[in-house]
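Data first, discussion second: the structure below is written as structure tokens.
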Amino acid sequence: MADVAIRATNLVKKFRDFVAVDHLSFEVKKGEIFGFLGPNGAGKTTTIRMLCTLSSPTEGSATVAGFDVAHQGDKVREHIGLVSEKMIMYDRLTAYENLRLFGELYNIPRKALRERIDELLKVVNMEKWADHQIGTFSTGMKQRINVIRALLNEPEILFLDEPTLGLDPQSTNEIRDFARSINDDAGTTIILTTHAMAEADMLCDRISIVDYGKIVALDTPSNLKKVIIGADTNVIELDVPNITPTLVSDIQSLSCTQTVTVEDETHIKVHASGDESCDNVIDAVRSGAGQIRSIHNVEPTLEDVFLYLTGHEVREQVADKVTTKEPSSRHGPRVQSRIR
Ligand SMILES: Nc1ncnc2c1ncn2[C@@H]1O[C@H](COP(=O)(O)OP(=O)(O)OP(=O)(O)O)[C@@H](O)[C@H]1O
Ligand SMILES: [Mg+2]
């Protein structure tokens, strides 16, 4: 169909017996910013690599810009740009030389290439740095060059694999604004992978939440949040100055509680069901001699949606702070019932 930029059908990638991508089927519309949101090892990069023809699917098929990734690799590559997780640039070359080198790989005529590089350097406010070696740049400056490198061939579809990972807040905002402007101005379809909930929420028209190689939900950010509200799950945030393991387990043992997350030294987030849940949580804290500085029913974030759907947080390093009543497995009945 004319309005489809990418169509993946039952895509599978196995590494020996390990299934990294497990029967993914989805469509990305032309002009959309489509996000893959998931924790480390979810299969985001592996999926991107198959769509960019850098890795062959074990099973299934995909078309990108209307071309089959398995049989029309050259055509696919003509229509895409990729900002991969790892920056591939030569520190000893200047920004301009790096861009020219990559532009020559696309066989862009010399004069047109020079004009394109000048234009792109201006767009990211890097024209002053054109003749400086990349090795002298900050990570944020390097990433700006890395992103425009993927735009040299004026791709219809741009893949951004964790484009803001490791960047400071200012550079992160610049890259996000730039992604938005590429999409707005040139209508470029963007596929973005990220762990950053705020990034996905802010940029993406639709988000595919992936976990263990499977899509667990795919929708607009606002519809994803409605999953929680529709399921009668309240997101309750408590400010408690004296959090103890007993207090956490008291909240956990309430029949209304689904998950308890200790967010920091004084904040707890509870997912709980039912109209009485806030009162029940207050009673549990008070009867354990805990103090409550404040308690609120808060709007669900994508982080809450992810936790609700998968039983664990997207940031693996804090996963041990979550306690889940039901088995927190992708195979658990609660999770399964929400997938489709
Ligand atoms: N070449 C490979 N050989 C074996 N296993 C691999 C290979 N590439 C990826 N994997 C495994 O496949 C799984 C998915 O990896 P992938 O890099 O796609 O995850 P990701 O979602 O991009 O994670 P991250 O957020 O850390 O970038 C991981 O368990 C990874 O170890
Ligand atoms: Mg990755």
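All values reported here derive from a predicted model rather than from experimental measurement. Order of appearance sets the numbers: ligands from 1, and atoms from 1 within every ligand.
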Is it true that Lys225 and Asp201 make a salt bridge, defined as a side-chain N closer than 4.0 Å to a carboxylate O? yes

Minimum side-chain heavy-atom gap Glu199-Leu192 below 4.5 Å: yes

Using the test side-chain hydrogen bond (donor to acceptor under 3.5 Å, both in side chains), find all partners of Asn10 that sit at least two apart in sequence or belong to another chain. none

Kindly indicate whether atom 31 (O) of ligand 1 is approached by any protein heavy atom to under 4.0 angstrom. no

Quick test of your reading of the structure: of Phe18, Phe15, Tyr212, whose heavy atom lies closest to atom 4 (C) of ligand 1? Phe15

May I ask you to say whether Asp283 pairs ionically with Arg286, meaning some side-chain N is under 4.0 Å from a carboxylate O? no

Out of curiosity, is Gly43 lining ligand 1, as in a heavy atom under 4.0 Å away? yes

Applying side chain to side chain contact (heavy atoms under 4.5 Å, CB included) to Ala186 and not counting sequence neighbours gives Thr188

Heavy atoms, side chains only, cut-off 4.5 Å: are Phe34 and Thr189 in contact? no

Nearest to atom 25 (O) of ligand 1, what protein heavy atom do you find, and at what distance? Lys44 NZ, 2.8 Å

Provide the number and element of each atom of ligand 1 under 4.0 Å from a heavy atom of Ala20. 12 (O), 13 (C)

Checking the side chain of Thr220 only, and the main-chain atoms of Asn223 only, is there a donor and an acceptor separated by less than 3.5 Å? yes

Which ligand 1 atoms are under 4.0 Å away from a heavy-atom of Ala42? 19 (O), 20 (P), 21 (O)

Near the Mg ion (ligand 2), which protein N/O/S atoms are found at less than 2.8 Å? Thr45 OG1, Glu85 OE2

Please could you name the atoms of ligand 1 that Asn40 approaches to less than 4.0 Å, counting only its heavy atoms? 23 (O), 24 (P), 25 (O), 26 (O)

Measure Arg16 to ligand 1 on non-hydrogen atoms and call it side chain, backbone, both or neither using the 4.0 Å cut-off. neither

So that I know where these two stand, are Phe36 and Phe159 an aromatic pair - ring centroids less than 6.0 Å apart? no

Give the atoms of ligand 1, by number and element, whose distance to some non-hydrogen atom of His195 is under 4.0 Å. 25 (O)

Heavy atom of the protein closest to atom 27 (O) of ligand 1 (residue, atom name, distance): Glu85 OE2, 2.5 Å

Candidates Val21, Thr46, Thr194; heavy atom nearest atom 15 (O) of ligand 1 found on Thr46

Parallel, tilted or perpendicular, judged at 30° and 60°: which one describes the rings of His132 and Phe137? tilted

Do the rings of Tyr90 and Phe102 sit parallel, tilted or perpendicular, given the 30° and 60° boundaries? parallel

So that I know where these two stand, are His271 and Tyr308 an aromatic pair - ring centroids less than 6.0 Å apart? no

Compare all side-chain heavy atoms of Val4 with those of Lys29 and state whether any distance is below 4.5 angstrom. no

Go through ligand 1 atom by atom and flag the ones less than 4.0 Å from a non-hydrogen atom of Thr45. 17 (O), 18 (O), 20 (P), 22 (O), 27 (O)

Tell me whether ligand 1 is touched by Pro39 - counting only heavy atoms on the residue side and a distance under 4.0 Å. yes

Quick test of your reading: applying side chain to side chain donor-acceptor pair (under 3.5 Å), list the pairs with at least one residue in residues 145-160, sequence neighbours left out, ordered by first then second residue. Gln143-Asn146, Asn146-Arg149

Heavy-atom protein contact below 4.0 Å for atom 7 (C) of ligand 1: yes

Would you mind checking which non-hydrogen protein atom is closest to atom 14 (C) of ligand 1, with the distance to 0.1 Å? Gly41 O, 3.4 Å

Strictly below 4.0 Å, N to O, side chains only: are Lys30 and Asp3 in salt-bridge contact? no

Residue-ligand contact Arg49/ligand 1, heavy atom below 4.0 Å: no

Residue Glu162 vicinity, atoms of ligand 1 by number, heavy atom under 4.0 Å: 25 (O)

